[in-house]
Number of protein chains: 2
Amino acid sequence: MGRKATLRDVATLAGVHYGTASRALREDTAHLVSPETVERVRSAATKLRYTPDLIAQSLRTNRTSTVGVVVPDIANPIAAALTRGVQDVLRGAGYVGLVVSTDANQAHERSEIAALVSRQVDGLIVASTKTPSLYSEIAASGTPVVLANRRVETDLPTVTASVGDGIEQAIDHLLSLGHREIAYIGAAGDANTGLDRHVAFERVMRARGLDSSDRAVRLSPGYGQHDGAELFERLLEEGGRPTAVIAGNDMMAVGVLSVLRRMDMSCPEDVSIIGCNDLPFMEFLNPPLTTIHVPHAEIGSAAAEALLAILRGEDPESTELPVEFVTRASTAPPSH
Amino acid sequence: MGRKATLRDVATLAGVHYGTASRALREDTAHLVSPETVERVRSAATKLRYTPDLIAQSLRTNRTSTVGVVVPDIANPIAAALTRGVQDVLRGAGYVGLVVSTDANQAHERSEIAALVSRQVDGLIVASTKTPSLYSEIAASGTPVVLANRRVETDLPTVTASVGDGIEQAIDHLLSLGHREIAYIGAAGDANTGLDRHVAFERVMRARGLDSSDRAVRLSPGYGQHDGAELFERLLEEGGRPTAVIAGNDMMAVGVLSVLRRMDMSCPEDVSIIGCNDLPFMEFLNPPLTTIHVPHAEIGSAAAEALLAILRGEDPESTELPVEFVTRASTAPPSH
DNA sequence: TTGAAAGCGATACCAG
DNA sequence: CTGGTATCGCTTTCAA
C-alpha cells in the first residue's frame, strides 16, 4: 500500500475510464462530465489521497508551475528579502520558486541557468546578472524573464526602485539641516544600482547650486564595510572635512561610522551619515542609521506579478517602485 | 527553428534510432554503442544544442534532481545562510533547491509541502516545523527527509549545533572575567533551539556552584529585540542587578543593549552582554557583540550531504556541529 | 456524457 | 551493437 495513488487508481475505484477521471478532477473540464460522476470520482480521489503528479502533468502541458529565481547570493539580506517577496506572490498562483545563487560568477550563472531551463521553468526572475544578453536569448526562446532590482540595458521587463529620488531626498534633508560640505562614498562597480546613485548625487548637488568644491565623491570597486571605511579614511587624510556623508549603501555607511569611532569623532555630532537600502539591522545601530529604504520584498513581488502577467499572455510594463527616506539618528545639524 | 531540440531530432540528424541516441549520450550506457556512433550522436547533439528534458527524464526515472528546502522565512538571515549552505552542496551534485517559506504557520506548511511532494522532489531538507509527524509520514512514504537546525522528537536524521557547549563557554568566559551575577534572557517558545539554551544555562550554572540567587532567568514567548528589552527592563525594575547577561539570541541581546542605553548605563562597563547565533551584523554593533557563532551555512551543507547520502542508499547519522564562542567587545570584567 | 487512443520526451528491456 | 517497443502519469482530441 506504499505507492502513490495514480489517476488510473481513482478511475478504477470510481468505475470510470481514467480519461474521464482526469476531466472530472480539473475545474475547467468538470462541466463536461455528469455531476454524479464528478462526485464519484472526487470522493474516490480523496479516499485514495490522490494528488496529481505534476511531473507527468508538466510533460503533457509544457507548464511546470515553477519559476527560477536567480540571485547573487541568497544569504545576502537584499536577495533574501527579494526572494521572499517573489515567493509571496507565487504561492498564491500555485507556483513555487527554484532558487539559485550565482555568486556574481559568470560560469556559475550559466550553469545554474542551464539547470533551471532544462527543468523547464515557466519563467525566470533575475536579480543578478553581468550578462543580460543571456536572458534576452532565453526570453526570445520562449521562457519569459523579468529583471529585478538592477537596471541593465535590455528590453526585458524590469522592476527597480527609484533610488535617485532617495538620494535627492537625502541631500535635501542634509541641506535643510544646514550642511554644505557633503561627501559621497560609494561603489564604482558595474552594478547599475551603484552607478545610479553617485550619478544622482552629482546631478542633484549641481542642481542645488553646490559647486564641486562642496562635494567630494569617492568610489571604490568594492562595496563592503571595509571599502567604505577605507574611502572615508583617505578622504580625511587628504584634508577633506565633510560635515555629512551619503554612502552608496548601508554597509559602506557602517564603514564610515567605524572610522569616525576610531578617530574619536562622533555621529551625528561631528558628521552626519546617510546609508542606502535599509538592511534589516540598521535601526539597531548606534546611532540608528538614517537611510534610504529600498523595498526589496516589494520589488520581488512586483517582479513576480509581472512574470505571472506574461504567463497569462499580458505584456506588463517595467516599473519603478518608490523608495522611502527614513530619518533616524545618524543625521543632525552640523556642529558650529 | 524556435523549438528546443529533442532526442529524436539528434537521432535523425545522426541517422540512428532515438533509443540508440539516448544510450550514446549518457555516460553509463555509452559503452553499449560503437565509438563512431557515439561520436556521430554527440556531435549532432552539440550542433543542435540539445539538452535533455529533465521533466521527461523524471517521469521515466522517478528522480527529479530537485530537493525541497523548507524554512520558516527565507528573509530571516539564519534561514538564508542555511539555504546557502544547502545550495552549495546540491549544486555539486546536479541538484537544485525548491525553496519555500512556511511562516511557522501550519496551514502554509502543509500546502507548501504538498506543493513540493507533488513536484516529486527527491528529498526534503526541513529547517522549520511544528509538526514533525508530517515528515515522518513523508519519509515513510519514500521521500527522504533531513531535519536541520532544530532538534525535534523524531528518528529522522537531524543536523544541529551544540549550542549548549556555547552556553557553557559563555558562562565560563564570564566567570573568568569575575562575574557572579549572571542573568539569562531568552525565549520560552516551543522551538527546541530555544529550550536547549536556557536549560543549558541552568545546568551549567549549577554545575559551577552558582546557586539560584546568583542567576536570574527570564523567558518570554517571543524572541525578538523587543522581547529581550522588555524582559531585561522588568528584571531591573524588580531589583535585579546582574553584571552580565546571556541572551537566548542576538536580537534579544540587542534589546538588552537598547535598554542599557536608554538608562544611561553602558556596555560592557556596567553590564556585559553575550548573544547567540552570530547574525551577519553583530560585529558592527557598538560595542561589537560577543556571541556564540552557530554555523548555519555548515548546518545546511551537512544536511544536504546527509540527504545526498540517503539518496545514494546510505544511512547517515544525525550530527551535531560545534559552535564557536566569539569574544568581541560587549564583555569585560565587572566594574562593581 | 463517456471511452479509446494518441502523444509529451525520455529510459530500458527484448530481440535481432 | 542497434532497432523496436512498452511505459512513466497525465491531457486532450476524436468517436461512439
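Values below: all heavy atoms of this structure, side chains included; hydrogens, waters and symmetry mates excluded. Quick note on labels: first sequence line is chain A, next is B, and so on, each numbered from 1.
No salt bridge links A/Asp196 with A/Arg150; every basic N to acidic carboxylate O contact stays at or beyond 4.0 Å. With respect to the salt-bridge test (charged N to carboxylate O, under 4.0 angstrom), the residues A/Arg84 and B/Asp103 qualify.
Between A/Pro295 and A/Ala161, the closest heavy-atom pair is CD-CB, 4.2 Å. Of all heavy-atom pairs between A/Ala11 and A/Tyr18, the closest is CB-CA, 3.4 Å. Looking at every heavy atom in both residues, B/Val145 comes nearest to B/Leu147 through CG1-CD1, 3.8 Å. Between B/Arg119 and A/Ser65, the shortest heavy-atom contact is NH2-O, 2.7 Å.
For B/Gln87, the side chain to side chain donor-acceptor pair (under 3.5 Å) partners at least two apart in sequence or on another chain are A/Ser101.
Taking atom CD1 of residue A/Ile55 and atom C1' of nucleotide C/dT11, one finds them 15 Å apart after rounding to whole Å. For the pair A/Leu54 CG and C/dC8 C1', the interatomic distance rounds to 15 Å; values are reported in whole Å. If you measure from atom CZ of A/Arg8 to atom C1' of C/dG3, you get 13 Å, rounded to the nearest angstrom. Note: CZ (B/Arg26) to C1' (C/dC13) measures 15 Å, nearest angstrom. Remark: C1' of C/dC8 and CG of B/Leu7 are 13 Å apart, rounded to the nearest angstrom. C/dA10 atom P lies 12 Å from atom CG of A/Asn62, rounded to whole Å. The nearest whole Å value for the distance from the CG atom in A/Leu25 to the P atom in C/dT1 is 17 Å.
Closest to the side chain of B/Leu59, out of C/dC8, D/dC8, C/dA10, is D/dC8.
For the contact set between residues 10-23 of chain B and DNA chain C, defined by any heavy atom under 4.0 Å, the members are B/Tyr18, B/Gly19, B/Ser22, B/Arg23. Interface residues of residues 29-44 of chain A facing DNA chain C, ordered by number: A/Leu32, A/Val33, A/Ser34, A/Thr37; criterion, heavy-atom separation under 4.0 Å.
When each of B/Ile138, B/Thr143, B/Val70 is tested with B/Leu116 by the rule side chain to side chain contact (heavy atoms under 4.5 Å, CB included), just one qualifies, namely B/Val70.
For the pair B/Thr319 (side chain) and B/Glu317 (backbone), a donor-acceptor distance under 3.5 Å is absent.
Proximity of B/Thr61 to the phosphate of C/dA10: no side-chain N or O atom is located under 4.0 Å from OP1 or OP2. Checking the phosphate oxygens (OP1, OP2) of D/dT11, a side-chain nitrogen or oxygen of A/Gln57 falls inside 4.0 Å.
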